[in-house]
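The structure appears right after this line, and notes come after that.
Given the structure is predicted, the values throughout are model-derived calculations rather than measurements.
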Amino acid sequence: MAAVTSSRNLPDNFNEAKFITFSMLIFCAVWIAFIPAYVSSPGKYSDAVEIFAILASSFGEAARELMERRETERRGCDEAAMSCGALTPGEHSPQGLQSSTPSLELSDTDVVPTCRLREEFGLYGLYKEGDIVLGGIFEIHFITVYPELSFTAKPESLSCERFDIAGFQYAQTMAFAIEEINRDPALLPNITLGYRLYSNCQNLEMAHRAATTLISGEDESVTDYSCTGTPPVLAIVGDSASTHSIAISRTLGLFGIPMVSYYATCSCLSNRKEFPSFFRTIPSDTFQVKAMVQIFRHYGWTWIGVIVSNDDYGLYALKLFTEEVNRFGCIAFTEILPLINNKAEILKIAKTIRESTAKVIVVFSTGAYMIPLAEEIVQQKIRGRQWIASEAWTSSPVFHTKELLPYLGGTIGIAIRRGEVPGLEKYLLQIRPVFDPRNNLIKLLWETMFDCKFQDKGNNHNLSQICTGSEDIEKTKTAYSDVSEMRGSYNVYKAVYALAHSLDNLMSCEPGKGPFQNNSCADITTVQPWQLLHYLARVNFTTHYGDRVSFDENGDALAIYDVMNWQRADDGAVKTVTIGLFDESAPAGQQLTLNEDKIFWNFESNSPPRSVCSESCQPGTRKATRKGEPLCCFDCVPCAEGEISNHTDSIECLKCPPEYWSNPSRDQCVLKKVEFLSYEETLGISLTTVSVLGAFFSTVVLAVFIYYRNSPIVRANNSELSFLLLLSLILCFLCSLLFIGHPLHLTCMLRHVVFGISFVLCISCILVKTIVVIMAFRATLPDNNVMKWFGAAQQRGTVFVFTVIQALICIIWLSTAPPVPFKNTQYQNSKIIFECYIGSITGFICLLGYIGLLASVCFVLAFLARNLPDNFNEAKFITFSMLIFCAVWIAFIPTYVSSPGKYSDTVEIFAILASSFGLLIAIFAPKCYIIVLRPEKNTKKALMGRAATKK
């Protein structure tokens, strides 16, 4: 390396050391980078790194050899002393070569270099001479055969097999369109178009060879004079495959040569930065995917399997399709068809289809790659699937067989817009075999169509059938002459006319108003591809069939598709029926139209299948995704209480507003039921009845006491206090009614006030009666005159004072924090408990505490006086009544606190009624018994008699 570097500047016109220096620099850089990359690469990647280093360094040496060769050729041409042909003396080098060859004044002895073709590719084609020649690349063979590579001799050229009759119709359509244009005096007058068409043999290498041949021409030698006039072809129609179009268009774009494809749909070709000279008369896959997605949305298919071919067409379509489907559904599985018939891969795909729950399967592929899978589907008898076909195989006659109908019948496909080309069928049937090598495709067509061979020199034996050339082609029924479904051919027709109209617009340019430099126009006799490209981008015309042809800013055609359905033909095979249309230019919501009455569904129900991973969640439920599964696979979970979902497939449930609650089906918020103790319900009616009965019984007892007010038993127990006690009991019974009914501001304040004052009045009377009983007993003792200090006035005053104290407690409570109506949502979320909020807990405790204090004192005094010697000792009954009273209210406290809603009011009413009835019965029942049923005991003698007996 050091020696080479030091010698790179040696004075030599051709110093090889320069190139060796460059190659060694590459070599060293590669292997220096190899060491860390090799050490850090695991497993198979370490081998890959080493292989890459070997290849990279080897290519560096090859680059050196190439540079040496080119330098040798340049020097040889500059010296004009090698094997280059001579130009006429005195001529100058044309400007087209000035960039590579210095402009020289030629003398009579000067020599102009001539470039010679090194090799011919041996392509299959069609040719016609013209003033302007258009190129074409078509898929006319199915298989490319590679020669054996022995590396000891020059390999033979690639060959093509299995002639595609339908593909040849496409090529003939281009020839027909050019012939039709040449006959049209209004289009390109005085200009004759020619064509040069080649087969790509469905192989990228062959397609690129065809494109290279078209743009370089077939002349054996080329001089500077060949750079004048139009190029060998001005534009190319083709290729049909997206992968081929991508590779060819990258090359053509460098030179601004227009390429108009009739079948390449990859969305990647819409990139104008990468493919500036590419156009197409078929819509991009972007629009095909949109058409499919609208069909899926229409039928509610959200669980979809996808199968694509392993090429640019399939892989780019998969990317677009996945992005669109993920907006509303999920991809159940994705499989890639092998480019070669790999049985193991086909079996794997068939197994996936059979085991998947997806009922709808989309296939983006050409027919050739789909055939092995279709045969395997028949072999395994896989049915019950709705197939969706891309435009590449929807109309392919290969699949229209009786064997495939039970399995692929009902397929819905997107197809290129059908058109009509008047006169094409007649033109196709006029073909006759020719033996021009440049038109060798016609010979192959004839041999394929009539299953014969033409007799060539040296091929006179072992021919089963010899072609004569006089066979009647009109009696044949093949895809070649079938013009009933003009789809791909119609796109070819539009592509040729787009180029012709562009040339016509170029010819119509007015001098001084042109689009080029200095407002110049192009000359049709020397037009260049880049000039045609300008007009092609702006072409706009209408075909004989009425379809408008133009290109958008990306070179894409207007997106219009036919929607097809595979149905049973009369002979039991498959026929395609148009069932709808997709027009991208239509208003939103009207782009897809389907005639659903004409659709054949290959299911027992003869109806669209359901293809979902999980059925939709109905209102009242929400979707809960399953861990590790796509979003379309979920469980439907009912909404919680108080939450709703009012539409299908809700992701979450919505909480109802505070005063609303969910209905039983959880799909609507309804007003919460307002709960309070009502007069209309059974419990309210029962309590009201008991309360009124208690007041009634108290009134009856009061009436009896008033009536017998002069009887000894009434007078013996302080009749005035008994009357006041009965009145307070009536109030106690009636105050419970304030706890029933719709809570109001007034009733909330009154219920506890009336309750508290009534019961204090009641207990005060009983307490005073107890004190009177004790004092009366003490008054019977000698020298005891206590009763004069606790007479009737003092008794009334005591009751009044006790009651006023309770009244003061109530006034303070109401003035600070009075009870108010309150809608309580804390006890039960589903109901609003309409209750009276007590306001101040302290006030309520003081009210109950004061009643409890009086009751406790009364109970203690009565208990102490229960054994006083008297024939009718009222202290015993007071003790019993106070025992009931205290038991009831002691049990009331925990019950009241733990009872929700209206039941807290019920508990308080029950405590009021129970304690009131306890007082009424315990104190007044024995007296009423004597007054009413045992009047003989209601005498002073009877009352005093028992006392005397005890003495």
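Considering only heavy atoms from C-beta on, Met507 stays 4.5 Å or farther from Val527 through its side chain. Contact annotation: the side chain of Thr543 approaches that of Phe541 to within less than 4.5 Å [non-hydrogen atoms, C-beta and beyond]. Using a 4.5 Å heavy-atom threshold, the side chains of Ser390 and Ser365 count as separate. Inter-residue side-chain proximity for Val421 and Ser489 is flagged as unmet; no heavy-atom pair is nearer than 4.5 Å. Contact of the Trp530 side chain with the Phe516 side chain is registered, since non-hydrogen atoms from C-beta on lie closer than 4.5 Å. Counting heavy atoms from C-beta outward, His544 and Tyr497 have side chains that approach closer than 4.5 Å. The side-chain heavy atoms of Met292 and Ile388, taken from C-beta on, include a pair separated by under 4.5 Å.
Applying the ring pair (Phe, Tyr, Trp, His ring centres under 6.0 Å) rule to pairs touching residues 184-213 yields nothing, sequence neighbours excluded. Contacts classified as salt bridge (Lys or Arg N to Asp or Glu O under 4.0 Å) and involving residues 504-513 (residues at least two apart or in different chains) are given here: Glu510-Lys513. Among residue pairs with one or both ends in residues 533-547, none qualify as salt bridge (Lys or Arg N to Asp or Glu O under 4.0 Å); sequence neighbours excluded. Residue pairs that meet the salt bridge (Lys or Arg N to Asp or Glu O under 4.0 Å) test with at least one member in residues 578-592, sequence neighbours left out, are Lys290-Glu584. Contacts classified as salt bridge (Lys or Arg N to Asp or Glu O under 4.0 Å) and involving residues 160-183 (residues at least two apart or in different chains) are given here: Lys128-Glu179.
Here Trp301 pairs with Tyr299 under the ring pair (Phe, Tyr, Trp, His ring centres under 6.0 Å) rule; sequence neighbours left out. Applying the ring pair (Phe, Tyr, Trp, His ring centres under 6.0 Å) criterion to His298, with sequence neighbours excluded, gives no partner residue. By the ring pair (Phe, Tyr, Trp, His ring centres under 6.0 Å) test, Phe176 pairs with Tyr427, sequence neighbours left out. In terms of the salt bridge (Lys or Arg N to Asp or Glu O under 4.0 Å) criterion, Glu596 has no residue partners (sequence neighbours excluded). With sequence neighbours excluded, the residues forming a ring pair (Phe, Tyr, Trp, His ring centres under 6.0 Å) with Tyr170 are Tyr262, listed by chain and number.
Residues Thr243 and Asp312 bring a donor and an acceptor atom of their side chains to less than 3.5 Å of each other. Side-chain N/O atoms of Thr265 and Asp285 include a donor and acceptor closer than 3.5 Å. Side-chain contact, Asn565 with Gln567: a donor N or O sits under 3.5 Å from an acceptor N or O.
A salt bridge is absent between Lys477 and Asp482: the closest approach of a Lys/Arg side-chain nitrogen to an acidic carboxylate oxygen does not fall below 4.0 angstrom.
For Tyr480 and Phe168, the gap between ring centers is short of 6.0 Å.
For Thr394 (side chain) and Ala389 (main-chain N/O), a donor-acceptor pair under 3.5 Å exists by modelled atom type. The backbone N or O of Tyr490 sits nowhere less than 3.5 Å from a side-chain atom of Arg487 that would complete a donor-acceptor pair. His400 places a side-chain N or O within 3.5 Å of a backbone atom of Ser396 that can act as its donor or acceptor partner.
For the atom pair OG (Ser395) and CE (Met564), the distance works out to 5.5 Å, reported to the nearest 0.5 Å.
Other residues, nucleotides and ligands place more than 12 heavy atoms under 6.0 Å from the CZ atom of Phe163. By the neighbour-count criterion of 12 heavy atoms within 6.0 Å, atom CG of Asp571 is densely surrounded, having more than that number from other residues, nucleotides or ligands.
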Validation: residues 435-450 side-chain donor-acceptor distances under 3.5 Å, sequence neighbours left out:
from: Asp436; atom 1: OD1; to: Arg438; atom 2: N; distance (Å): 3.1
from: Asp436; atom 1: OD2; to: Asn439; atom 2: ND2; distance (Å): 3.4
from: Asn439; atom 1: OD1; to: Tyr127; atom 2: N; distance (Å): 2.8
from: Asn439; atom 1: ND2; to: Tyr127; atom 2: O; distance (Å): 3.4
from: Asn440; atom 1: OD1; to: Gly125; atom 2: N; distance (Å): 2.8
from: Asn440; atom 1: ND2; to: Leu123; atom 2: O; distance (Å): 3.4
from: Asn440; atom 1: ND2; to: Pro437; atom 2: O; distance (Å): 3.4
from: Lys443; atom 1: NZ; to: Asp456; atom 2: OD2; distance (Å): 3.3
from: Trp446; atom 1: NE1; to: Glu471; atom 2: OE1; distance (Å): 2.7
from: Glu447; atom 1: OE2; to: Phe454; atom 2: N; distance (Å): 3.1
from: Thr448; atom 1: OG1; to: Leu444; atom 2: O; distance (Å): 2.9

Could you list the donor-acceptor pairs under 3.5 angstrom formed by side chains in residues 412-420, with sequence neighbours left out?
from: Arg417; atom 1: NH1; to: Asp562; atom 2: OD1; distance (Å): 3.1
from: Arg418; atom 1: NE; to: Ser484; atom 2: O; distance (Å): 3.0
from: Arg418; atom 1: NH2; to: Ser484; atom 2: O; distance (Å): 3.4

